[in-house]
J.: 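Here it is, the structure in full.
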Amino acid sequence: MMSVLKDEIYYFKELLKKQKLRLKELYKVSNGVEHSGTMDCKRQIERYESKIKDLEQEMDQIPSKVFETITELINSQMRILNENGYLIHDAENLEFVISQIRYDKGDGLIKFDTTKENSDD
């Protein structure tokens with residue numbers, strides 16, 4: 001997925017470069033006068049810039065989705081372990097067990113939450 005997006009971004013950036021050169025040439029030929037050819041070229045440039053921006057935003061979302069999926073998988077496994085009496089304790093505070101992990105989009109870190117273990121088990 002990532003390589004496909006990179007290829008698409010590259011493709012549209014190349015088209016954008018060509019269109020900008022075309023616009024420059026059109027202005028040269030028309031002595032800087034705006035006409036239908038230059039206006040069409042400008043619209044195409046805007047489309048390419050918008051497409052590149054959309055693709056880059058989509059690419060930025062991929063790591064987030066990957067980490068969210070990984071945390072869901074781990075939390076699912078931890079739930080099964082907990083249901084079967086296998087708790088994962090905090091190494092520094094043994095009375096606490098890991099209740100879940102989560103991906104923090106803000107700083108890009110995977111973090112864990114703990115709860116105090118029930119002593120009546």
Side-chain angles (χ1 to χ4, degrees):
M1 176 80 169
M2 186 86 88
S3 64
V4 171
L5 287 173
K6 284 181 181 179
D7 290 344
E8 281 190 62
I9 290 169
Y10 176 80
Y11 172 74
F12 281 106
K13 283 184 176 181
E14 288 299 310
L15 290 176
L16 180 61
K17 267 193 254 180
K18 289 177 184 176
Q19 206 60 255
K20 286 181 175 182
L21 286 172
R22 180 173 174 249
L23 180 62
K24 193 175 184 178
E25 291 300 315
L26 285 172
Y27 273 129
K28 224 185 267 185
V29 170
S30 67
N31 292 322
V33 176
E34 190 81 29
H35 55 82
S36 62
T38 58
M39 289 172 21
D40 180 54
C41 198
K42 284 181 173 180
R43 280 191 296 274
Q44 199 62 38
I45 287 170
E46 287 175 8
R47 282 188 207 113
Y48 292 152
E49 288 173 338
S50 176
K51 183 67 175 176
I52 291 166
K53 182 181 175 188
D54 291 345
L55 289 169
E56 288 174 338
Q57 286 176 341
E58 188 177 339
M59 205 161 109
D60 288 344
Q61 295 298 316
I62 291 174
S64 174
K65 187 64 179 164
V66 168
F67 285 119
E68 288 170 5
T69 302
I70 290 170
T71 58
E72 284 178 35
L73 287 167
I74 295 170
N75 281 327
S76 188
Q77 292 171 332
M78 285 181 26
R79 181 183 48 75
I80 293 168
L81 286 168
N82 289 346
E83 287 172 0
N84 289 291
Y86 298 102
L87 304 175
I88 301 173
H89 292 266
D90 183 329
E92 295 177 11
N93 299 303
L94 292 176
E95 71 272 10
F96 287 90
V97 294
I98 297 176
S99 57
Q100 73 168 0
I101 65 163
R102 58 190 162 78
Y103 175 66
D104 188 333
K105 290 179 186 177
D107 58 16
L109 297 175
I110 295 177
K111 301 176 179 179
F112 67 90
D113 296 320
T114 60
T115 56
K116 195 163 188 166
E117 182 181 10
N118 294 337
S119 58
D120 51 304
D121 285 337

J.: Can you tell if the side chain of Q57 reaches within under 4.5 Å of the side chain of D54, non-hydrogen atoms only?
T.: yes

J.: Are side-chain N/O atoms of Q100 and N75 paired as donor and acceptor at under 3.5 Å?
T.: no

J.: With rounding to the nearest 0.5 Å, note down the distance linking CG in L26 to CD in E34.
T.: 10.0 Å

J.: Could you tell me the separation between the NZ atom of K20 and the CD atom of E49, rounded to the nearest 0.5 Å?
T.: 5.0 Å

J.: Mark yes or no for whether T69, through its side chain, and K65, through its backbone, hold a donor-acceptor pair below 3.5 Å.
T.: yes

J.: Minimum heavy-atom separation for L23 and I45, please, with both atom names.
T.: CD2-CD1, 3.8 Å

J.: Would you sort out whether L87 and N82 count as a side chain to side chain contact (heavy atoms under 4.5 Å, CB included), showing the intermediate values?
T.: CA-CA 5 Å; L87 304 175; N82 289 346; 3.2 Å; yes

J.: Kindly compute the distance separating CZ (F67) from CD1 (I74), expressed to the nearest 0.5 Å.
T.: 10.5 Å

J.: Step by step, work out the side chain to side chain contact (heavy atoms under 4.5 Å, CB included) result for I9 and K6.
T.: CA-CA 5 Å; I9 290 169; K6 284 181 181 179; 5.7 Å; no

J.: Are F96 and F112 connected, step by step, through hydrophobic side chains (Ile, Leu, Val, Met, Phe, Trp, Tyr) whose heavy atoms are closer than 4.5 Å?
T.: no

J.: Spell out, yes or no, whether V29 and M39 are grouped together once hydrophobic residues are joined by side-chain heavy atoms under 4.5 Å, including indirect joins.
T.: no

J.: Within a 6.0 Å radius of atom NZ on K111, are there more than 12 heavy atoms belonging to other residues, nucleotides or ligands?
T.: yes

J.: Would you check if R102 and T71 make a side-chain contact, meaning some heavy-atom pair closer than 4.5 Å?
T.: no

J.: When hydrophobic residues are tied together by side-chain contacts of less than 4.5 Å, even through go-betweens, does I70 share a cluster with I88?
T.: yes

J.: Any chain of hydrophobic side-chain contacts (each under 4.5 Å) joining Y86 to I98?
T.: yes

J.: Return the minimal non-hydrogen interatomic distance between Q19 and C41, and the atom names on each side.
T.: OE1-SG, 3.0 Å

J.: Ignoring hydrogens and angles, tell me if any N or O in the side chain of D40 forms a donor-acceptor pair with the backbone of S36 under 3.5 Å.
T.: no

J.: Linking I/L/V/M/F/W/Y whenever their side-chain heavy atoms sit closer than 4.5 Å, directly or via other members, would I52 and L5 fall into one cluster?
T.: yes

J.: Quick check: does any side chain N or O of N93 sit under 3.5 Å from a backbone N or O of E95, one acting as donor and the other as acceptor?
T.: no

J.: Out of curiosity, L16 CG to E46 CD, how far, rounded to the nearest 0.5 Å?
T.: 11.0 Å

J.: Quick one: pull up CD1 in I80 and CD in Q77 and give me the separation to the nearest 0.5 Å.
T.: 7.5 Å

J.: Not counting sequence neighbours, which residues clear salt bridge (charged side-chain N to carboxylate O under 4.0 Å, His left out) with K28? List them please.
T.: E25

J.: For Y48 and F12, take the angle between the two ring planes, folded into 0 to 90°, and tell me which bin it lands in: parallel under 30, tilted 30 to 60, perpendicular over 60.
T.: tilted

J.: Show your reasoning for whether side chain to side chain contact (heavy atoms under 4.5 Å, CB included) applies to R79 and S76.
T.: CA-CA 5 Å; R79 181 183 48 75; S76 188; 3.9 Å; yes

J.: In sequence, state the C-alpha distance, the side-chain angles, and the governing distance for K53 and E56, and then conclude on salt bridge (Lys or Arg N to Asp or Glu O under 4.0 Å).
T.: CA-CA 5 Å; K53 182 181 175 188; E56 288 174 338; over 6 Å; no

